[in-house]
Amino acid sequence: MRNKILALSAAFGFCVSSLSAWGAAFDDGVKLFGQRNFKAAAVKFDQAVRNNPNDSNAFYYRALNYQYLGDRAKASAAYHQILQKFPYSTAAQYAQQALAQPERPSRASRSSGTHDFQSSFGADPEQTKIHFTKQGKSLVVDAEVNNRRIPVIFDTGAEDCVFGINHLRQLGINPPTGPATGQAAGVGSTEPVKTWQMNVELKIGQIKRSNFPISVQENLPTEPLLGQSFFKDFEYTIDDSISTIELSKRGGGARQSSGSDSNSVPFTQEGKELVVSVDVNGKKCQMYFDTGAEGITFTKEQARSLGLSIPDDAEQGTSMGIGGTTNSVSFTVQRMRMGPIEKSDIPVSVIEAGKMPKPLLGQTFYGGWQYTIDNQNKVIRFLRR
């Protein structure tokens, strides 16, 4: 088994992307929501709604936060208020979906004190929406493993769903025993990391997988990774402006596209990983399209092949990945382009240790865009928000 997993560059710092231009109260609420401090976030979202009565995002996050707090009455009232004030907005569509979910007794989460509001599931739905929060720039969604909740990173750059034994112990799940059954390599490792495979029940939103294989390693320094093995059969749209991932079954609710327009970027696959062509200072570079990576990451050899020289004043930092932590340097690249996205003076990092067959194209490049990954037509369709 070969896994390229994750690059989280400490040089880029920790930030939560605001979904509204309406002031500090909303920004603070989003940060607290991302930290799962829902009580404190409620105060901020109430203030944001008072200060900005025309901001549908603020109203929606207030309602969603009430839902996570377990206050059904306030959540329901807040969702109905969205339908009255913003009947034609995207927030109203999500409010309608939340109100349509059948109620069941809430169950306290072991990890955060929040409550589960998802309905019971059978077969995969034709379409479903999953809400995410930001950890740095990574997309974090709620998962349930054997009915125990844990946040995971939605990671198109991971072939499999990857957990550390540290996560299983956190969940109270016995880890696999016996000799390792596989190996993985990625950021932070000079030698392959031992892995085991075990089967669990894994649920994300309305999608539930029973007897589902996950990859387990001794320690994973990040949140667990939700990889392609879980969502590869879906077309999925990531909308940063409202923090949702919409998944559609192939041949069901999926949008059809020939992929021939200028906003569509074709991709190929290595295993389950998505590979796109990126112009870096006028040179073509094949990169992994990696939603689990915060930034853009090269090995020294990859940077050298593109003619990228590390300046003397490059910022020192560290990067974490499947193999642990490694030193890195960050600096800006003059120009990068992929399909409709072109950026100048964009920060990249170069790692000291790590085995990556191709560089990682992370959230700093396409964050803020809405994009749909169409596995059937092998294209990523972008829409500026």
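Keep in mind the model is a prediction, meaning the values are calculated, not measured. Just the heavy atoms: all of them, side chains too, but no hydrogens, waters or symmetry mates, feed the values below.
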Are [X] and [Y], when compared by the centres of their aromatic rings, separated by less than 6.0 Å?
{"X": "F38", "Y": "Y66", "value": "no"}
{"X": "F59", "Y": "F45", "value": "no"}
{"X": "H131", "Y": "Y60", "value": "yes"}
{"X": "F231", "Y": "Y236", "value": "yes"}

Can you see which heavy atom on [X] is nearest to which on [Y], and at what distance?
{"X": "G295", "Y": "T364", "answer": "CA-OG1, 3.5 Å"}
{"X": "A63", "Y": "I82", "answer": "CB-CD1, 4.3 Å"}
{"X": "N65", "Y": "A41", "answer": "OD1-CB, 3.5 Å"}
{"X": "F230", "Y": "C161", "answer": "CB-SG, 3.7 Å"}
{"X": "Q217", "Y": "T195", "answer": "CB-CG2, 4.4 Å"}
{"X": "Q269", "Y": "F267", "answer": "CG-CE1, 3.9 Å"}

Can you find a heavy atom in the side chain of [X] that is under 4.5 Å from one in the side chain of [Y]?
{"X": "M287", "Y": "I296", "value": "yes"}
{"X": "V278", "Y": "L361", "value": "yes"}
{"X": "L383", "Y": "N263", "value": "no"}
{"X": "M198", "Y": "F163", "value": "no"}
{"X": "I380", "Y": "T372", "value": "no"}

Under the side-chain contact (heavy atoms from CB on, under 4.5 Å) rule, what do T299 and V350 come out as? Steps first, then yes or no, please. CA-CA 5 Å; T299 64; V350 175; over 6 Å; no
Check: Q81/R62 side-chain N/O donor and acceptor closer than 3.5 Å: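 Judged by distance alone, the side chains do pair up.
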What I want to check is whether the side chains of S330 and S349 have a donor and an acceptor closer together than 3.5 Å.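 No.
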Yes or no on salt bridge (Lys or Arg N to Asp or Glu O under 4.0 Å) for K194 and E218, after CA distance, side-chain angles and deciding distance? CA-CA 7 Å; K194 295 178 181 179; E218 289 184 354; 5.6 Å; no
With distance as the sole test, does [X] use its side chain to make a donor-acceptor pair with the main-chain N or O of [Y] at under 3.5 Å?
{"X": "D240", "Y": "W369", "value": "no"}
{"X": "D345", "Y": "R335", "value": "no"}
{"X": "Q363", "Y": "T291", "value": "yes"}
{"X": "H80", "Y": "S76", "value": "yes"}
{"X": "T332", "Y": "P347", "value": "no"}
{"X": "W196", "Y": "G178", "value": "yes"}
{"X": "N166", "Y": "P221", "value": "no"}
{"X": "N375", "Y": "K232", "value": "yes"}
{"X": "Q228", "Y": "T156", "value": "yes"}
{"X": "D160", "Y": "V162", "value": "no"}

Assess whether atom [atom1] of [X] is packed by more than 12 heavy atoms of other residues, nucleotides or ligands within 6.0 Å.
{"X": "Q286", "atom1": "CD", "answer": "yes"}
{"X": "K343", "atom1": "NZ", "answer": "yes"}
{"X": "E342", "atom1": "CD", "answer": "yes"}
{"X": "N174", "atom1": "CG", "answer": "no"}

Output, in order, the C-alpha distance, side-chain angles, deciding distance and verdict of ring pair (Phe, Tyr, Trp, His ring centres under 6.0 Å) for Y371 and F289. CA-CA 12 Å; Y371 49 97; F289 187 87; 5.6 Å; yes
Stepwise salt bridge (Lys or Arg N to Asp or Glu O under 4.0 Å) test for E235 and R381: CA-CA 11 Å; E235 173 182 320; R381 300 193 300 274; 3.1 Å; yes
Hey, can you tell me if Y61 and F26 have their rings parallel, tilted or perpendicular (30° and 60° cut-offs)?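 Perpendicular.
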Pair E270, K358 - check salt bridge (Lys or Arg N to Asp or Glu O under 4.0 Å), show working. CA-CA 10 Å; E270 286 186 2; K358 289 179 173 60; 2.2 Å; yes
Residue that, paired with V152, satisfies side-chain contact (heavy atoms from CB on, under 4.5 Å) out of L139, V141, V140, L202: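 So the option named by the test is V141.
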F382 vs Y366, test: side-chain contact (heavy atoms from CB on, under 4.5 Å). Steps then yes/no. CA-CA 9 Å; F382 289 92; Y366 44 80; 4.1 Å; yes
Walk me through it: do F212 and E201 pass the test side-chain contact (heavy atoms from CB on, under 4.5 Å)? CA-CA 6 Å; F212 181 78; E201 180 183 276; over 6 Å; no
Are L171 and L226 in one and the same hydrophobic cluster, where Ile, Leu, Val, Met, Phe, Trp and Tyr link if side-chain heavy atoms are under 4.5 Å apart?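 Same cluster.
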